Colleague: 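Can you read through this structure? Questions will come right after.
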Number of protein chains: 2
Amino acid sequence: MARPGRPRAFDTDEALDAAVEVFWRRGFTNAGLTELAAAMGVNKPSVYGAFGDKAQLFQAALRRYVERNMGYVTEALQKPTALECARAFLIGNAHAVTMPGRPAGCLSVQAVATPEGSNEYSVLARNRAAIQERFADRFRRAIDEGDLPPDEDPGELAAFLITLSSGFAVRAADGTTREALLALADRAMATFPAPPSEENNRD
Amino acid sequence: MARPGRPRAFDTDEALDAAVEVFWRRGFTNAGLTELAAAMGVNKPSVYGAFGDKAQLFQAALRRYVERNMGYVTEALQKPTALECARAFLIGNAHAVTMPGRPAGCLSVQAVATPEGSNEYSVLARNRAAIQERFADRFRRAIDEGDLPPDEDPGELAAFLITLSSGFAVRAADGTTREALLALADRAMATFPAPPSEENNRD
DNA sequence: GGCTTTTCTTAACGGGCGGTACAAAAAGAT
DNA sequence: ATCTTTTTGTACCGCCCGTTAAGAAAAGCC
């Protein structure tokens with residue numbers, strides 16, 4: 001089982017969690033390798049040994065961030081109706097960007113100011129686009145199921161949600177409270193289109 | 001009139017415009033002084049001579065950005081009704097963050113990932129908060145003028161607009177088109193509360 | 001003409017950045 | 001025990017960062 005060689009003296013997942021925290025708080029460029037290694041409780045060469053260079057570490061951190069702090073996205077997508085789905089997403093996002101004891105805002109948005117055209121930037125943009133696409137798919141299904149009006153634009157509706165969540169992330173980083181964001185989520189949901197007619201699926 | 005000493009060989013306003021462009025495209029941390037000076041068409045010591053250090057240059061650039069690229073805020077605030085005011089702000093913002101030939105997004109949001117607690121960060125956050133407060137004041141007046149329902153929350157309404165505009169900036173930086181943002185602005189305006197009753201001011 | 005003042009250009013400064021060479025240390029393999 | 005493999009800690013690399021020292025150049029002042 002155990003491979004030969006000196007065993008790693010630290011838990012890679014715990015170290016990665018620490019890296020997530022630093023990138024989340026400081027963004028990609030501002031997070032220094034010395035700072036990262038210190039937060040991870042590890043020497044710099046060990047970081048390179050376990051994760052590769054800074055760019056690879058960032059991508060690993062982003063993946064971990066998504067799976068540990070963006071579970072609300074998948075949960076929201078599983079709600080039975082489009083309306084519940086959208087509401088759960090906004091509420092989940094408002095909570096995620098205002099978690100007590102964690103950095104305010106969203107790792108993905110916090111790192112907007114990475115060098116343009118860099119791999120880091122496009123990874124973040126693609127991440128947002130992928131989530132948007134999942135919601136667009138969900139809303140297309142909702143139209144098929146008669147859960148949304150057939151003339152509704154599922155892509156635009158998804159874009160609306162992602163745009164709001166990006167805004168939430170910026171405002172949370174500015175110090176906006178969870179309660180204020182939840183109130184904004186409520187307000188935004190007032191635009192959400194009602195089903196075409198009550199309990200009338202057209203299958 | 002003319003002071004003694006060798007005259008400055010460049011136009012400080014033009015140089016500042018070039019600095020705005022760089023900060024806008026790259027954010028505070030990613031914008032290097034070598035890069036800034038080159039874009040400004042000036043040697044580094046001249047930058048220090050004319051603007052002070054990087055932080056002061058950034059603040060000067062932000063001030064210029066506000067007065068040259070955020071005129072739509074003041075214009076929107078002068079609209080006769082709260083509804084027109086809000087709509088003009090969102091449409092103006094959608095245009096501003098998608099100006100052809102200029103960086104996508106907003107300088108103020110692009111620099112979110114400045115070191116937390118730094119002067120640069122708090123200057124940006126205060127800038128957003130100040131704009132939000134101007135809209136809150138405008139909406140308070142609208143309630144007095146019977147232009148908004150008296151039970152409406154002017155601060156929350158203002159926060160909603162600022163949050164949307166922050167989201168617009170992030171999405172524009174991601175490549176979202178002006179048309180798509182304008183559609184989102186339309187959608188958001190659907191939530192906007194109507195006046196209490198038609199053409200009925202209560203003065 | 002010199003003298004003063006200001007900006008110009010050139011060339012560098014210390015420091016922190018991302019990244020690594022090296023050898024000691026700790027495990028399995030034989 | 002000795003060899004091989006992998007991680008560890010230390011100490012360092014070259015580079016680019018923001019910033020500045022030094023002196024030449026260009027204006028007004030007298």
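Naming convention: chains lettered A, B, ... in sequence-line order (proteins, then strands); numbering from 1 in each chain. None of the values given here were measured: they were computed from a predicted structure.
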Colleague: Choose from dT7(C), dG18(D), dT20(C) the nucleotide whose nearest atom is closest to any side-chain atom of Lys44(B).
Modeller: dG18(D)

Colleague: Taking all atoms of both residues into account, what is the closest heavy-atom pair of Leu57(A) and Ala19(A), and its distance?
Modeller: CD1-CB, 4.1 Å

Colleague: Classify the side chain of Lys54(A) and the base of dG19(C) as holding, or not holding, a donor-acceptor pair under 3.5 Å.
Modeller: no

Colleague: Has the side chain of Arg128(A) got a donor or acceptor atom that lies under 3.5 Å from a matching backbone atom of Arg171(B)?
Modeller: no

Colleague: Over how many whole Å does the gap from Tyr48(B) atom OH to dC13(C) atom C1' extend?
Modeller: 12 Å

Colleague: Please work out if Ala55(B) contacts a base, only the sugar-phosphate, or nothing of the nucleic acid, heavy-atom cut-off 4.0 Å.
Modeller: nothing

Colleague: If we ignore hydrogens and angles and just use 3.5 Å, is the side chain of Arg178(B) paired with the main-chain N or O of Thr98(B) as donor and acceptor?
Modeller: yes

Colleague: Look at atom CZ of Arg141(B) and say whether more than 12 heavy atoms of other residues, nucleotides or ligands are closer to it than 6.0 Å.
Modeller: yes

Colleague: Quick check against the 3.5 Å criterion: does Gln59(B) have a side-chain atom that pairs as donor or acceptor with the backbone of Gln56(B)?
Modeller: no

Colleague: Which whole-number value in Å describes the distance from Leu57(B) CG to dC17(D) P?
Modeller: 15 Å

Colleague: So Gly49(B), base contact, sugar-phosphate only, or nothing? Heavy-atom distance under 4.0 Å.
Modeller: nothing

Colleague: Heavy-atom nearest nucleotide on DNA chain D for Ala31(B) versus Ser46(A): which residue maps closer to 5'?
Modeller: Ser46(A)

Colleague: Rounded to whole angstrom units, what separation is found between the CZ atom of Arg8(B) and the P atom of dG28(D)?
Modeller: 16 Å

Colleague: Take atom CG of Asp53(B) and atom P of dT20(D), then tell me their distance rounded to the nearest Å.
Modeller: 8 Å

Colleague: Looking at residues at least two apart in the chain, or sitting in another chain, which of them share a ring pair (Phe, Tyr, Trp, His ring centres under 6.0 Å) with Tyr48(B)?
Modeller: none

Colleague: Find the distance Leu33(B):CG to dT20(D):P and express it as a whole number of Å.
Modeller: 11 Å

Colleague: CZ of Phe10(B) versus C1' of dA27(D): gap in Å, rounded?
Modeller: 16 Å

Colleague: Could you state the CG-C1' distance from Asn43(B) to dG23(D), rounded to the nearest angstrom?
Modeller: 15 Å

Colleague: Spell out protein contact along nucleotides 22-30 of chain C as letters: B when the base is contacted, S when just the sugar-phosphate is, - when no protein heavy atom is under 4.0 Å; keep the 5' to 3' order.
Modeller: ---BBBS--

Colleague: Using atom CZ of Phe58(A) as one end and atom C1' of dG18(C) as the other, report the distance to the nearest whole Å.
Modeller: 16 Å

Colleague: Picking from Leu124(B), Val123(B), Ile131(B), what satisfies side-chain contact (heavy atoms from CB on, under 4.5 Å) with Ser108(B)?
Modeller: Leu124(B)

